[in-house]
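What you see below is based on every heavy atom in this structure, not just the backbone, and it leaves out hydrogens, waters and symmetry mates.
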Amino acid sequence: MTESTKKPAAKSFESSFSELEEVVRKLETGGLSLDEATKLFENGMKLATKCNEILSSSELKITRLQANFAEQMNLVPDSDNVAEDEFDDEDA
Amino acid sequence: MTGNYESGQDNSGRQTAYTVSAVADYLKAALESDPRLADLTVVGEVSGYRNPSSGHHYFALRDEQSVLRSVMFRSGRGGQFLADGTQVICHGRISMYTARGDLQYYVDQVEPDGVGALQQAYEEMRKRLEAEGLFELDRKRPLPELPAKIAVITSPTGAVIQDILNVLTRRYPLAEIILIPTSVQGEKAAPEIVQAFQALNALDDIDVAIVARGGGSLEDLWSFNEEIVARAIFASNVPVISAVGHETDTTIADYVADRRAPTPSAAAEIVAPDVRDLGGYVTGYVARIDDLISRTVRDSRSQFEMAVDRMNLRVPDTTQPRQRIDDLLTRARLAGQRMVESSKLRLQTVEASLNALGPEKILGRGYTITRLADGSAATSASQFSSGDKLGVTFADGSVETTVDEVDATAEASDP
């Protein structure tokens with residue numbers, strides 16, 4: 001699944017883990033045929049394996065926002081500086 | 001003017017008239033020639049503080065009797081301590097601003113007058129922001145359980161970011177860290193932290209943010225007591241964990257944040273769970289599935305045997321396989337218990353034991369699956385009528401046969 005490799009590890013884990021929870025919930029509810037139970041069991045084992053793979057093989061990704069991020073995002077106000085002259089706008 | 005200042009009279013007996021500039025220049029030179037005024041430390045209270053966009057600081061220093069007009073250019077240090085009413089110690093020189101005729105104190109460095117003054121300013125602001133509701137507990141947001149993107153607002157160099165990355169590498173390598181670099185002390189720090197939060201709010205997929213700084217003096221940590229920083233944290237789109245200084249330091253930022261961590265490392269532990277714990281939850285679910293599937297197989301087995309008995313089919317001695325299945329179930333249960341106690345490494349072992357319980361393996365031990373004419377598994381003798389096709393699946397193949405007689409009504413017909 002190319003989609004899951006692109007997703008952040010935390011998201012992949014979260015979705016596999018909640019599917020695993022769902023499998024347990026269905027098995028706990030019961031009333032399943034042997035066929036259905038066997039399929040859930042197999043799916044649950046696959047999901048557990050996937051979860052463990054994500055947990056053991058993920059690496060922390062580090063992104064650094066550029067130091068001039070504020071300028072890039074137009075967060076720095078335009079330099080409408082008044083004249084450098086001291087006290088140019090001061091009233092006595 | 002190159003005049004002779006002493007001979008203040010001309011021939012007619014009238015005083016010489018000097019130009020304004022000449023007098024101003026003379027005063028300026030006189031002031032600047034005094035070594036004491038050229039290297040002067042003054043203590044006083046700040047009033048009339050202004051900080052226009054030029055970046056320079058304009059204020060007056062005063063005490064009960066007198067006022068000293070003061071300026072600190074933006075290159076000066078300690079501008080963050082300038083606020084009306086605060087007591088400061090300044091260093092600088094006295095000179096003359098001739099264009100305005102003002103005697104001025106040109107400050108190059110400002111320090112708070114002792115920790116007492118800072119402490120007082122801190123307490124005042126804390127009370128004000130508290131009254132405004134910025135610290136209310138019911139506006140604190142819960143942290144996400146499994147954050148995918150964690151923003152870290154701190155200095156890009158130094159131990160703090162390294163500590164945070166080390167902890168997350170070890171405990172939770174599932175996330176992406178977005179480092180938003182800022183100064184964390186000095187005059188630039190507060191506006192940069194505010195900008196960092198603005199940048200954070202412009203990103204739409206961040207789950208949680210950490211704002212952190214290592215230990216230091218109250219002056220060093222002061223940026224995190226500034227009102228603009230408090231308001232930036234308050235306005236954050238995502239929950240914020242603050243980790244400023246050591247455990248004993250509590251800044252305004254800590255009060256506003258959704259969660260306070262005693263140290264930057266602790267923030268990294270609070271922000272996400274440990275993968276070892278997550279692995280434990282997975283293992284717990286595997287054990288639970290193990291237990292549930294064992295029960296289902298056991299139930300199916302007894303139904304299957306009842307059907308076999310009812311149909312009076314010739315089957316091999318069922319005592320032995322039955323015992324084997326019981327053994328397997330016991331073993332699976334023990335394996336499950338071991339799983340819960342041990343780590344996720346045991347997963348494969350359990351998978352293997354569980355596979356041994358699969359329907360294919362049961363077939364290998366003498367059981368068969370009885371199928372209806374459409375190929376689906378039969379669960380009751382009443383599904384058959386005399387003359388119906390009946391399929392029997394063995395582990396290694398199947399037999400097709402025809403039903404001679406059905407005795408489905410005899411509920412308790414034990415041969």
Taking every non-hydrogen atom, the tightest pair across [X] and [Y]:
| X | Y | answer |
| --- | --- | --- |
| G279(B) | N52(A) | CA-OD1, 4.3 Å |
| P181(B) | L65(A) | CD-O, 3.3 Å |
| L174(B) | S58(A) | CD2-OG, 3.3 Å |

| message | What part of E14(A) gets within 4.5 angstrom of chain B, counting heavy atoms only: side chain, backbone, both, or neither? | response |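 E14(A) touches chain B through backbone and side-chain heavy atoms alike.
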
Next on the checklist: Taking side chain as everything from C-beta outward and backbone as N, CA, C, O, which of these in L40(A) sits under 4.5 Å from a heavy atom of chain B? Side chain, backbone, both or neither.
Outcome noted: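 Neither part; nothing is under 4.5 Å.
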
Please report the interatomic distance [atom1]([X]) to [atom2]([Y]), rounded to the nearest 0.5 Å.
| X | Y | atom1 | atom2 | value |
| --- | --- | --- | --- | --- |
| T63(A) | K149(B) | OG1 | NZ | 7.0 Å |
| L146(B) | S18(A) | CG | OG | 9.5 Å |
| T38(A) | I293(B) | OG1 | CD1 | 5.0 Å |
| Y172(B) | L60(A) | OH | CG | 10.0 Å |
| E22(A) | Y285(B) | CD | OH | 10.5 Å |

Quick one, I54(A) with V275(B), criterion side chain to side chain contact (heavy atoms under 4.5 Å, CB included). Give me CA distance, side-chain angles, the key distance, then yes/no.
CA-CA 10 Å; I54(A) 294 168; V275(B) 286; over 6 Å; no

Determine the sole option in K61(A), R64(A), K11(A) for which the salt bridge (Lys or Arg N to Asp or Glu O under 4.0 Å) test with E176(B) is passed.
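Per the salt bridge (Lys or Arg N to Asp or Glu O under 4.0 Å) rule, the option paired with E176(B) is K61(A), out of K61(A), R64(A), K11(A).
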
Q) Most heavy-atom pairs under 4.5 angstrom with chain A, which of A148(B), G48(B), A377(B), A151(B)? A)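 Highest number of pairs under 4.5 Å: A148(B).
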
Atom [atom1] of [X] with >12 non-hydrogen neighbours under 6.0 angstrom:
| X | atom1 | value |
| --- | --- | --- |
| K28(B) | NZ | yes |
| Y281(B) | OH | no |
| R170(B) | CZ | yes |

Sub-4.5 Å side-chain heavy-atom contact between F13(A) and V282(B):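 Counting from C-beta outward, F13(A) and V282(B) do come under 4.5 Å.
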
Notebook entry, point to check: Would a 4.5 Å heavy-atom cut-off, applied to side chains only, mark R288(B) and E28(A) as touching?
Noted result: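 In short, these two side chains touch, coming nearer than 4.5 Å.
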
Measure [X] against the heavy atoms of chain A and call it side chain, backbone, both or neither at under 4.5 Å.
| X | result |
| --- | --- |
| P147(B) | backbone |
| L165(B) | both |
| L292(B) | side chain |

